[in-house]
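For reference, the structure discussed in these notes is given below.
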Amino acid sequence: MTIARSRQISLADTPYYHVVSRCVRRAFLCGQDDHSGQSYEHRRQWVADKLDQLSQVFAIGICAYAVMSNHYHLVLKVQADIAHEWSEREVAERWARLFQWPLLVRRWHQGETLITPERDVVHQLIAQWRERLYSISWLVRLLNESLARQANQEDGCKGHFWEGRFKSQALLTESALLACRPMWTSIPFERVSLTRQRRVTTPVSGSG
């Protein structure tokens, strides 16, 4: 039976999660199609570039990721405490890097005088955006939507590129976090170190 996403992600228990998202059957995320001979290796960089962009906006640390032929793995650390330290202005400016503001928020940001009901709407919107900026579901949604658009455009097709839902597993202990290690050592991957100011990517060699 499908488990609600809210029950799969509980920040009270752990900030660490292992996420897997798979393409629909016969779709290629990277690698080479042995039947046609077409290479999709360049799509690996699409994943890296989009993760780079999102990591600079979200309060979610990307501890590690691996891109396979038809799926990817992420190990994430949700940093809700950092998101709650952001001012309303910073939250709004981060959100603007993903979506356009409503007119009311633009007026607020420009310092225009708003009546109380208008200010209440702005505060409610920013509170909602703050929560989304440390939401795994929102990060994966934006990553997958971007990759699907690029892949469908390149393939000259429409329709679903991803399976309906991504899978997430809470990493409740240090041993659970370390248990992901065999997966990373069997394939090339990159470990990402994040700060609020910048992102540093350290390549790590796999055995495969």
Side-chain angles (χ1 to χ4, degrees), residues 2-3 5 8-9 14-36 38-79 97-98 132-155 157-171 176-194 199-208:
T2 302
I3 301 174
R5 185 73 61 207
Q8 295 181 45
I9 299 176
T14 179
Y16 291 99
Y17 293 86
H18 173 206
V19 170
V20 181
S21 190
R22 294 184 178 276
C23 301
V24 294
R25 187 170 59 178
R26 295 187 180 180
F28 276 82
L29 181 57
C30 70
Q32 181 166 318
D33 183 348
D34 293 334
H35 178 70
S36 67
Q38 183 172 352
S39 174
Y40 297 91
E41 270 304 296
H42 59 284
R43 293 182 177 181
R44 193 184 303 274
Q45 191 62 44
W46 293 356
V47 180
D49 290 345
K50 192 62 180 181
L51 284 174
D52 187 14
Q53 179 201 5
L54 295 174
S55 71
Q56 296 179 47
V57 178
F58 279 76
I60 297 179
I62 303 170
C63 303
Y65 70 91
V67 186
M68 310 300 289
S69 64
N70 69 342
H71 66 282
Y72 65 74
H73 298 264
L74 306 174
V75 176
L76 305 175
K77 181 182 181 183
V78 180
Q79 299 170 307
R97 296 170 68 177
L98 304 171
R132 290 178 178 178
L133 288 172
Y134 63 87
S135 164
I136 290 176
S137 292
W138 271 85
L139 183 143
V140 172
R141 169 186 169 178
L142 294 177
L143 173 62
N144 285 1
E145 286 180 353
S146 174
L147 296 173
R149 281 195 300 270
Q150 289 176 281
N152 284 346
Q153 181 178 14
E154 184 175 74
D155 295 340
C157 66
K158 297 180 180 180
H160 294 292
F161 183 74
W162 301 99
E163 289 185 353
R165 303 182 70 192
F166 69 89
K167 296 178 174 61
S168 64
Q169 178 185 10
L171 303 175
L177 189 59
L178 293 175
C180 291
R181 186 67 188 180
M183 175 177 60
W184 308 129
T185 56
S186 65
I187 52 179
F189 79 102
E190 296 183 41
R191 183 172 59 242
V192 181
S193 175
L194 297 174
R199 171 184 180 274
V200 179
T201 305
T202 305
V204 181
S205 299
S207 59

Ignoring hydrogens, what is the shortest heavy-atom contact between [X] and [Y]? Give both atom names and the distance.
X     : Y      : result
Tyr65 : Val67  : CD1-CG2, 4.0 Å
His71 : Arg22  : ND1-NH1, 3.3 Å
Val24 : His160 : CG2-O, 3.5 Å
Cys63 : Lys77  : SG-CB, 3.9 Å
Ala27 : Asn70  : O-CB, 3.9 Å

Check whether any side-chain N or O of Ser146 sits under 3.5 Å from a backbone N or O of Leu143 as a donor-acceptor pair, and report yes or no. no
Residue list, side-chain hydrogen bond (donor to acceptor under 3.5 Å, both in side chains) with Tyr16, at least two apart or on another chain: none
For a 4.5 angstrom cut-off between non-hydrogen side-chain atoms, does Leu51 reach Leu74? yes
Beyond-backbone contact of Gln150 with Lys50, side-chain heavy atoms, under 4.5 angstrom: no
Any salt bridge (Lys or Arg N to Asp or Glu O under 4.0 Å) involving residues 132-141? Give me the pairs, sequence neighbours left out, ordered by first then second residue. Arg141-Glu145
Could I get the full list of side-chain contact (heavy atoms from CB on, under 4.5 Å) partners for [X], not counting sequence neighbours?
X      : value
Glu154 : Tyr40, His42, Arg43, Trp46
Ser39  : Gln32, Glu41
Ser21  : Tyr72, Asn144, Trp162, Phe166
Asn152 : Cys157, Phe161

Testing Val140, Leu142, Ile60, Asp49 for side-chain contact (heavy atoms from CB on, under 4.5 Å) with Leu54, which one passes? Leu142
One should read off an interatomic distance between Glu163 CD and Cys23 SG, to the nearest 0.5 angstrom, of 8.5 Å
Could I get the full list of ring-ring contact (aromatic ring centres under 6.0 Å, His included) partners for Phe58, not counting sequence neighbours? none
Can Val47 and Leu29 be said to form a side-chain contact (heavy atoms from CB on, under 4.5 Å), step by step? CA-CA 9 Å; Val47 180; Leu29 181 57; 4.3 Å; yes
